[in-house]
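Everything on this sheet refers to the single structure shown next.
Since we're looking at a predicted model, the values are computed, not measured. Labels below follow one simple rule: chain letters A, B, ... track the order of the sequence lines, proteins then strands, and each chain is numbered from 1.
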Amino acid sequence: MTSDKNDKNDKNGKIDIQQENNSQSQTETNLAADNKNSPVQQQTDTAAYQEDLIQSSQKTSEPGETQQDQLPVIVNKSRFSKIWILPILAVLIGIGMVYNDWRNRGIHIQVAFETAEGLEAKKTVLKNRNVDIGLVQNISFNEDKTHILVDIEVEQSMDGFLVDDSEFWVVRPRFGATGITGIGTLLSGAYIQVSPGESNIEQFEFIGLETPPVTSLNADGIHLKLISRGTKPLKVGNPVLHKGFEVGAVESKYYDDLEQAAHYDIFIHAPFHNLVTANTSFWNMSGLSITTSTEGISLNMASLEALVAGGVEFGLIDDAEAGAGVPQNHQFQVYDSVANIEEQRDYKFIEYVILVEDSVGGLHKGAPVEYRGIRLGTVTEPYMEFWEIIDIAGVGKEERIPVVIKLEPERLMKNGYISLDIFRGMVNDWIKEGLTASIENANLITGSLKVSLEPGGKPNNAPGFFGEYPLIPAAQGGFASATKKVENILAKLENLPMDATFANLNELIDTTQETFKNASGAVEKVGATLLTLEQTLLELQSTLKGLQPNSQVYRSVEQMIKKIEVTLDEIKPIVKEVSNQPNSLVFGGPASADMQPKSANKEEK
Amino acid sequence: MQKPLILVISMLLMSCTTTGPAPDIRYYLFDAEPLVQKEKAARLIIELKDVKLPDYLSTNQLVMLDSEHILIKANYHSWADSLNESIQRALVNDLNNSSKDKEFVAGCENCKESASLSVTIEHFYPSTGGKLLLSGYFEFMDPQNENQLTRFQLIDELDSDGYANAVKQMRAQVSDLAESIIAVIDNE
């Protein structure tokens, strides 16, 4: 079919391009129809057709006509359109941005605080050592509205801070026992501080601290627990002192209402933690304390810093040995003062009873019990309860007052140890040998009493008991002993050498006469002194006269005042001129001469 | 261009500030010609305690009565010395020269039994009307502490114009006052 068409073209000699195109499309159609069953055949036919076209065009071309003008160019159509390049680029950039955002996205954590004071979303930063490592994204309430939840986006590289025991707190201006902190945030605004923990467990939800931690988690030292039953409270942040040096701080506190004692957590920095041993005592350094004791009045005052802020001091008292070291979180008792350590320390004791015939007025609970002047115990009860006496002795059978005392042998030995049974045996031996107890005056100012144990009484081979309490025999005290003492004084008065005393008295009178003579001399001297005083007054009078109106000084002053007046008069014209014409100081004024007196003769003329 | 402009402005400013020169201040000495006192055998020493002046004269400016009640203080005519002290010196000088048997002193600390004299001047000035007025009173206390007060008023006519002549005549008027005082004391 194609060969027929080519023959036709040869005959006409000229080819209509439209016809050619039509014939080509027709050819293509035919080809398509033919090649439906054989694609290979289709390609072969197309190539043959193109060759035929070229040959026919070469045959039909005449001189003066270019082959290019006459031949159609067949170009294979690209299946990908250029218009798709831009959307594809946009999609790629978008994917890149999403990926970049995903990659740079921080770690989201949530910290719970009681209040959001000073915190602002998108503004408040998370810091560690003043380096920004995160930003607060959102602040919301928890479900029961008791806390606020702060959502923070932390930089990915800072994930090391997000472990189980990390601590978060808000840094804002605070005024506390340790002074003013966070002043810098007045201008910069509050921020959240994080202290990295040591755990390896990753965590994304935290409970923030309401107050900054006193010591960092990484600090080296020892954590201890203190318990106080005294009346001087400590505050969080108060210093822990050793011989006046600050070596730690109070970290937390709480009051146990059941136990009625205050509990404190303290931290002592290394290397001072080695100073804390089993025999270490802690006492409160707060404030000023004035104590009266049998030794008199003592005033204790801490350093000015501790006086204002308070503090707790520790150390070994009364040359006690250091003893063994203590583990972390070991518990110590904290006493109100050093003086109270001896009093408030828990000693092992044995209780005894003394049956006192005289008054116990002035004897109070806690009064000292001394053995030959050495503190050995404490008065437990200055008088036993009525019902207890009845239980022990029966109704109305005991008129004496049972005073319960406890003997504490540990008071005699700071570093040693003594068994209570051994000590009980010792005391029993003392009682058998004649140990007696008496109530004596402890302090003449306060009128307080003490129990004094003295040997030298009647030996007592069978120590008695009052109920379950062993008895220490009471010596004669109070009024009875006072009577005896008066008798002794009278006896001594009788033995006084009266004659010698009178002789001494005569000598004393002679001496007194001499003293009077000396005194008359002294009076004369006083008279001379008065004369001098009179002269001095006269001189003073003459001096004052020098200041009277006729005096030279007065005249000089008067002259000076006159000169000042004259000078002021001279200034008056200048002031007047300046007030009339202020610019006269610069430009000068009219220099008019003074008016002068006129002659009388001239007027007549 | 700028330099000539600055020069012109400077000259203009300088011309503005140019004024006539102020007159020189003249100082007048009231007792300019003290006379040497002659030696005399004085029977009585009289102390001239002080010469009191009114406030308007207690200044170094010379004053002049312009009309009935207007005083003018001179700006360029001043007293060289305090006027009351000058008058006191002049009076002592004149009194001593006028009296033959009395010794007048300005101050006497040891002469407790001497007489004393005090002068109070109320008016002492020239006027534009050609008059010169000196009035006031003096008080003489004799050794017996008897007091005598005498008023005086001396009016002269000015011979010529000007303060210089006025001062000269004022000095002469004080001499006349001294004569009057001597006359009163001698009559005692």
Contacting region of [X] [heavy-atom separation from chain A under 4.5 Å]:
X        : answer
B:Asp66  : side chain
B:Gln169 : neither
B:Ala166 : side chain
B:Asn84  : side chain
B:Thr59  : both

Residue pair B:Asn165 / B:Asp161, side-chain donor-acceptor N/O under 3.5 Å
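No donor-acceptor contact under 3.5 Å links the two side chains.
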Do B:Glu139 and B:Asn147 meet the criterion of a side-chain donor-acceptor pair at a distance under 3.5 Å?
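Yes, side-chain donor-acceptor contact under 3.5 Å.
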B:Asn60 side chain to B:Ser78 main-chain N or O, any donor-acceptor pair under 3.5 Å?
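Side chain of B:Asn60 to backbone of B:Ser78: no pair is present.
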Side-chain donor/acceptor of B:Asp142 to backbone N/O of B:Gln144, under 3.5 Å
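Confirmed, B:Asp142 side chain pairs with B:Gln144 backbone.
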According to salt bridge (Lys or Arg N to Asp or Glu O under 4.0 Å), who are the partners of B:Asp81, at least two apart in sequence or on a separate chain?
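Partners of B:Asp81 by the salt bridge (Lys or Arg N to Asp or Glu O under 4.0 Å) criterion, ordered by chain and then number, come out as B:Arg89.
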